[in-house]
Amino acid sequence: MSNPTIAIDRDVRVRYAPSPTGLLHVGGARTTLFNWLFARGEAKRLGFDGAMILRIEDTDRNRLVEGATQGILDILSWFGIDWDEGPDVGGPYAPYVQSERLPLYQQGAQELIDKGLAYRCFCSPQRLQQLREEQRQKGLPPGYDRHCRSIAKEEIEAKLAAGEGYVVRFAMPRDGTTEVYDLIRGESTFQNANLEDLVLLKSDGYPTYHLANVIDDHDMQITHIMRGEEWIPTAPVHVRLYHAFGWEPPAIAHMPLILAPGGGKLSKRHGSTAMEEFKAQGYLPEALMNYLALLGWSLDGTTEIFSREELLANWSLERVSPSPATFDYDKLRWFNQQYINHILTLDDLTARVVPFLIDAGLATDGALDPSNAEFARVRDVTAVLKDRLVLLSDAPDLMSFFLVDELPPYDAAKLIPKKSDATQALTALQGAFAVFEAGAVDDEAAIEASLRELAEKLGLKAGQLFMPIRVAVTGRTESPGLFETLRVIGDDWVRARVRAAIELLSTDG
RNA sequence: GCCCCCAUAGUCUAGUGGACCAGGACGUCACCCUUUCAAGGUGAAGAUCGCGGGUUCGAAUCCCGCUGGGGGUACCA
């Protein structure tokens, strides 16, 4: 548990390097967050500079998704992460897109070939597949058999001359060990014999992750690699690669994995996994950041709510746990609710609710402007039911009866409370109607006094009077407090709806 | 199969040899508040600190083994 001491003894440069193959996964967002907190928070607290770099690893042309890069940049900004260098803002080590850096990798591969530390491999995909098949059948560990590692120079020349395709593979040492020092796990020793001659350069001239990440991290002066735990198995190869180039590897920290509730990888089967989905469902970026920060990190085991600034002020790599964490949707919801109900200002919350109402056709673009009356209207509504809002996307359903003139049809039976009957309910509504005719609902205290008086006069319990009114004006049995609900709905609608309820109950009964 | 990582309640976690018959939070349950639903308040249940061996006067904390979970095993990242 006690992590090795992390020495930040120089200016820090970290990077997040997504591949534009789709939407940004929460795991990726968490990794980005930790990188960002390390550079912008911890390093700066210690008096060093901390630079955040974004690099696009688009070396797999098959999985490339159009527009994915922009989507990742956008959602990262929404999340609250910013960066100093990247594909959109440039920087001293541009370009920050790997497909634009191809010559660098090809030169690197050639350099290793020249040094005898890498070799061309002419094996066809078919042969490799067949090889794996045979190994599987014999119960042998799968892996490249290094067939091309020792072919004669003349043969290589001949194949090259014949225009045969090839990949470049790393010539791993066949014996000995490689040590990897992980900032949160300490040292691990790997047997070189277990490590493969990984492909460095693909036959299409693009590098694999292994080559590109080593060359770029070195070229971009990355000081700390903080990436997912799934990279632990290839870390020793990367270390060997740095040595092959004669470079000092950056410090490495592998962040704990985020697991699905049932175990295993978090996938769509369990719920949302992409940041865009969480955004669309009405999760707040600050709630997401707060929750994700606590997945694998904690300050003291007690403090739960952290603003972005508090995270910057407190987060440290030293307190990142090595063990994987299960994603808990319920707890995320709780954080969202905390921010909605207790942390955001009413104006802020209102501004975030508005787009969801517009999408649902419950507000117009006019509500976007805080100086507009429609915004004020939504703010009044938000004020009375924010404590039952968990997701912003809940807003349209929760708020609809405040925002539409005509209530959708509802069952007349709902007007009759459990411990009451139709006659009582009708009497209650008729009495209430008289009260609403006599006084304005914007005086909550006065209306409450009048209605309580009415209940007493009719010999009804408060609930027997209030519930029919509630259903009459909202169409449902659940709502905010009755008097504030009446106030926000307003006199005209209240009278019309109570009148309609009386009619419904009379004709229905 | 092989390699690697991890291991405190259902979940996130605190805990770095004695103040821990293990603290906080989510979730669950109960009660209070109450015009409904929430929110809020109070409280409860829930962990033989995965198991077995050591080391030590003393271990959740150190060591070894096992088990379990997870990751990797691609011309994907």
Any strand: nucleotide that pairs with rA25(B) via Watson-Crick or wobble, under 3.5 Å: rU11(B)

Counting only side-chain heavy atoms from C-beta out, which of rC6(B), rA25(B), rG71(B) sits nearest to Ser323(A)? rC6(B)

Give me the distance, rounded to whole Å, that separates rG68(B) from rC51(B) when you measure between the P atoms they each carry. 15 Å

Under 4.0 angstrom, heavy atoms only, what part of the nucleic acid is Leu295(A) near: base, sugar-phosphate, or nothing? sugar-phosphate

Just checking Arg333(A): base, sugar-phosphate only, or nothing, at a heavy-atom cut-off of under 4.0 Å? nothing

Any side-chain heavy-atom pair of Cys123(A) and Tyr166(A) under 4.5 Å: no

With sugar-phosphate meaning primed atoms plus P, OP1 and OP2, does Ser298(A) contact a base, only sugar-phosphate, or nothing at under 4.0 Å between heavy atoms? sugar-phosphate

Arg15(A) meets the salt bridge (charged side-chain N to carboxylate O under 4.0 Å, His left out) criterion, sequence neighbours left out, with Asp217(A)

Applying a 4.0 Å non-hydrogen cut-off, can you work out what Ser479(A) is touching in the nucleic acid: base, sugar-phosphate, or nothing? base

Check whether any side-chain N or O of His342(A) sits under 4.0 Å from OP1 or OP2 of rG40(B), and answer yes or no. yes

Going by ring pair (Phe, Tyr, Trp, His ring centres under 6.0 Å), name the pairs with one or both residues in residues 452-477 of chain A, residues two or more places apart or in two chains. Phe466(A)-Phe483(A)

Could you tell me whether Glu456(A) and Lys461(A) make a salt bridge, using a distance below 4.0 angstrom between a side-chain N and a carboxylate O? no

Of the nucleotides rG70(B), rU11(B), rA77(B), which has the atom closest to the Asp328(A) side chain? rU11(B)

Looking at every strand, decide which applies to Pro324(A) at a 4.0 Å heavy-atom threshold: base, sugar-phosphate, or nothing. sugar-phosphate

Sticking with atom P, work out how far rC49(B) lies from rA7(B), rounded to a whole angstrom. 16 Å

Classify the ring geometry of Trp231(A) against Tyr209(A): parallel below 30°, tilted from 30° to 60°, perpendicular beyond 60°. parallel

How far, in whole Å, is rA60(B) from rG54(B) if one measures between their P atoms? 15 Å

Do any side-chain nitrogens or oxygens of Lys202(A) fall under 4.0 Å of OP1 or OP2 in rA74(B)? no

Nearest to the side chain of Arg132(A) - rC75(B), rU36(B), rG72(B)? rC75(B)

For rC51(B), the Watson-Crick or wobble partner whose two distances fall under 3.5 Å: rG65(B)

Taking only the side-chain heavy atoms of Arg63(A) (C-beta and beyond), determine which of rU36(B), rA77(B), rC12(B) contains the nearest atom. rA77(B)

Residue-level proximity of residues 384-395 of chain A to RNA chain B when a heavy atom falls under 4.0 Å: Asp387(A), Arg388(A)

Report the nucleotide, chosen from rA39(B), rG70(B), rA25(B), that has the shortest atom-to-atom distance to any side-chain atom of Gln337(A). rA39(B)

Once you round it to whole Å, what is the distance between C1' of rA7(B) and CG of Leu257(A)? 15 Å

Just checking Thr59(A): base, sugar-phosphate only, or nothing, at a heavy-atom cut-off of under 4.0 Å? sugar-phosphate

Atom CG of Leu259(A) and atom C1' of rG72(B) are separated, to the nearest Å, by 14 Å

Between rC37(B) and rC20(B), how far apart are the two C1' atoms, rounded to whole Å? 41 Å

Are Trp334(A) and Tyr329(A) an aromatic pair by the rule of ring centers under 6.0 Å? no

Both Gly263(A) and Val167(A) contact RNA chain B. Which one's nearest nucleotide lies toward the 5' end? Gly263(A)

What about the rings of Trp315(A) and Phe34(A), do their centers lie closer together than 6.0 Å? yes

Paired with rA39(B) by Watson-Crick or G-U wobble geometry, both distances under 3.5 Å: which nucleotide is it? none

Whom does rC76(B) pair with, Watson-Crick or G-U wobble, provided both distances fall under 3.5 Å? none

Consider the side chain of Glu230(A), meaning its heavy atoms from C-beta on, and name the nucleotide among rC6(B), rG1(B), rA77(B) that approaches it most closely. rA77(B)

